[in-house]
Amino acid sequence: MNALAATKRNFRQAARILGLDSKIEKSLLIPFREIKVECTIPKDDGTLVSYVGFRVQHDNARGPMKGGIRYHPEVDPDEVNALAQLMTWKTAVADIPYGGAKGGIGCNPKDLSVSELERLTRVFTQKIHDLIGVNTDVPAPDMGTNAQTMTWILDEYSKFHGHSPAIVTGKPIDLGGSLGREPATGRGVVYATEALLAEYGKHIKDLTFAIQGFGNVGAWAGKLIHERGGKVVAVSDITGAVKNPNGLDIPALLSHKEKTGKLIDFAGADVMNSDELLTHECDVLIPCALGGVLNRENADNVKAKFIIEAANHPTDPDADEILSKKGVVILPDIYANAGGVTVSYFEWVQNIQGFMWDEEKVNRELKKYMTRAFHNLKGMCHSHNCNLRMGAFTLGVNRVARATQLRGWEA
């Protein structure tokens, strides 16, 4: 099942549990606006090349729409639509005053030079500048984009609208980016994990962890778990996978990866098959990479007691069912990886106020938001006698539905 179908299925289940009126259910599912633009740029050799850019603005009942822009060859309207909808529920679960959006350009950034990427980003911004805004739709980095991409959007947008640092988040610190933004998603994952484990009388320091995907999110989660005394016994990324039953030295592994560009050949670990990481012996499994990695083929072999969804949609509905029957506790993506958008919100607030926070304040506020969201989510689980995924979806959908009804849009 693809991400859009799975998201709609979860939404409809939450709507049924909440007893939503069919009119409001339909209005919440339909995106506020879908944008598709053609972006033609001259390449460095003078030839012209065209790309298609998308921006789906899903819902703005609770505030400006918010979501990443990804540069990837497989960007398509369905995927962007699903991720925009997920952002609506995620921002509502975190209780930050945003709606959901997502965007992207169907291109392979590895095939483009820096100057070609800049031209493409600026043309895309020119095409959508009157449809985004500080109080309308605030983009952020995603797969294939970064702080530099956001800087180009900020600069191009400001040519039309005047200096507007709050138009994007995930910017360099020098241009109004927030301290603590880079580790925010990984740090949020750890705060979420601590909140969940506390319910079971457990602590990070007493457990073993396997992390699938050792990019920004996985690396930060691993580093913070290691600092708290947790034992990370296996990690993987696109270059391979390594394990050590006594626990990996995460700072040394990160240093090795920085020097060599890969995980394998690390002295303090044995190489393992990447496919085996998801079913490796551990207490807590943290998928931080692509969607759909846990499915009906491998779910039965998962040995972890807890799964923390740091990636978007890593568990398909078939796997969800199998794992639930086995008693595996799954902390859903729309809550577990909300640390990034929460600190993006802090960045936006700082830009609007023109007043920067120190990193300690950012981390303290992030912990407060993640912990509070977990307790609100658990409250929905108790009220509706449902699992954590439905607890998160009912929490998010209920907040958006209430805001929509209060604004009178359902009439």
Side-chain angles (χ1 to χ4, degrees), residues 4 7-35 55-67 81-102 131-140 166-167 169 332-335 338 341-349 351-353 365-366 368-386 388-411:
L4 183 61
T7 303
K8 283 184 174 174
R9 175 174 147 161
N10 286 327
F11 166 79
R12 288 204 168 99
Q13 201 176 330
R16 272 200 309 276
I17 290 169
L18 292 165
L20 285 191
D21 177 87
S22 60
K23 286 207 301 286
I24 193 158
E25 184 179 336
K26 190 177 177 186
S27 82
L28 290 180
L29 216 44
I30 298 168
F32 171 79
R33 183 188 284 133
E34 294 185 53
I35 303 155
R55 187 72 177 167
V56 174
Q57 297 172 329
H58 180 257
D59 191 276
N60 62 358
R62 298 181 68 257
M65 292 164 284
K66 184 89 188 79
N81 215 311
L83 294 170
Q85 194 190 129
L86 271 179
M87 283 300 293
T88 296
W89 316 134
K90 186 184 294 185
T91 52
V93 168
D95 204 15
I96 51 182
Y98 283 144
K102 206 75 176 187
L131 297 168
I132 60 173
V134 171
N135 296 304
T136 311
D137 178 3
V138 182
I167 182 56
T169 58
D333 51 359
I334 62 167
Y335 163 67
V341 72
T342 303
V343 176
S344 282
Y345 162 60
F346 299 162
E347 181 178 333
W348 180 74
V349 167
N351 292 158
I352 287 169
Q353 292 180 332
E365 290 294 319
L366 174 60
K368 186 167 85 181
Y369 271 75
M370 293 302 291
T371 308
R372 186 174 62 201
F374 180 78
H375 293 307
N376 290 334
L377 184 165
K378 281 295 290 184
M380 293 303 270
C381 293
H382 292 313
S383 299
H384 299 290
N385 192 25
C386 59
L388 290 167
R389 189 178 307 285
M390 273 306 111
F393 266 89
T394 51
L395 177 64
V397 171
N398 191 46
R399 280 180 171 154
V400 179
R402 274 214 316 260
T404 304
Q405 286 167 323
L406 286 165
R407 295 181 70 150
W409 292 357
E410 85 287 9

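Computed from a prediction, not measured in an experiment: that's the story for all the values here. The figures here come from the full heavy-atom set of this structure, side chains too, leaving out hydrogens, waters and symmetry mates. Numbers for residues simply follow the sequence, beginning at 1.
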Measure the [atom1]-[atom2] distance between [X] and [Y] for me, rounded to the nearest 0.5 Å.
X: Q57; Y: K102; atom1: CD; atom2: NZ; answer: 14.0 Å
X: H384; Y: R16; atom1: NE2; atom2: CZ; answer: 14.0 Å
X: T91; Y: D59; atom1: OG1; atom2: CG; answer: 8.5 Å

Pair listing, side chain to side chain donor-acceptor pair (under 3.5 Å) test, anchored in residues 393-402, at least two apart: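 Passing the test, one end in residues 393-402: no pairs.
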Pairing residues for K90 by the salt bridge (charged side-chain N to carboxylate O under 4.0 Å, His left out) criterion, not counting sequence neighbours: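 Checked K90 against salt bridge (charged side-chain N to carboxylate O under 4.0 Å, His left out); zero matches.
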Residue pair [X] / [Y]: nearest heavy atoms and the distance that separates them:
X: A403; Y: R62; answer: CB-CG, 3.7 Å
X: L86; Y: T7; answer: CG-OG1, 3.9 Å
X: G391; Y: C386; answer: N-SG, 3.6 Å
X: A101; Y: M65; answer: CB-CB, 3.8 Å
X: R389; Y: D333; answer: NH1-OD1, 4.0 Å
X: A94; Y: A338; answer: CB-CB, 4.3 Å

4.5 Å side-chain heavy-atom contact, E25 and L18: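 No, every pair of side-chain atoms sits at 4.5 Å or beyond.
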Within-4.5 Å side-chain heavy-atom neighbours: P64 and V134: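 Contact flag for P64/V134 side chains = no.
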Intermediate values then yes/no, side-chain contact (heavy atoms from CB on, under 4.5 Å), L28 and L20: CA-CA 10 Å; L28 290 180; L20 285 191; 4.1 Å; yes
Any residue meeting side chain to side chain contact (heavy atoms under 4.5 Å, CB included) with [X], in chain and number order, not counting sequence neighbours:
X: N351; value: P165, A166, K171, E347
X: K8; value: L4, R12, L29, Q85
X: E365; value: F346, W357, K361, K368, Y369
X: S344; value: K66, T169, R181

Excluding sequence neighbours, so at least two apart, what forms side-chain hydrogen bond (donor to acceptor under 3.5 Å, both in side chains) with [X]?
X: D21; answer: none
X: T88; answer: H58
X: R55; answer: D137

Counting distance only, does the side-chain N/O of [X] pair as donor-acceptor with the main-chain N or O of [Y] below 3.5 Å?
X: Q13; Y: F393; value: no
X: R407; Y: A61; value: yes
X: S27; Y: I24; value: yes
X: T136; Y: I132; value: no

Those residues that, when tested against Y345, pass ring-ring contact (aromatic ring centres under 6.0 Å, His included) (two or more places apart):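 Checked Y345 against ring-ring contact (aromatic ring centres under 6.0 Å, His included); matches are Y98.
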What pairs of donor and acceptor atoms, side-chain ones from residues 370-377 against any protein atom, are under 3.5 angstrom apart with sequence neighbours left out?
| residue | atom | partner | partner atom | Å |
| --- | --- | --- | --- | --- |
| T371 | OG1 | K367 | O | 2.7 |
| N376 | ND2 | R372 | O | 3.4 |

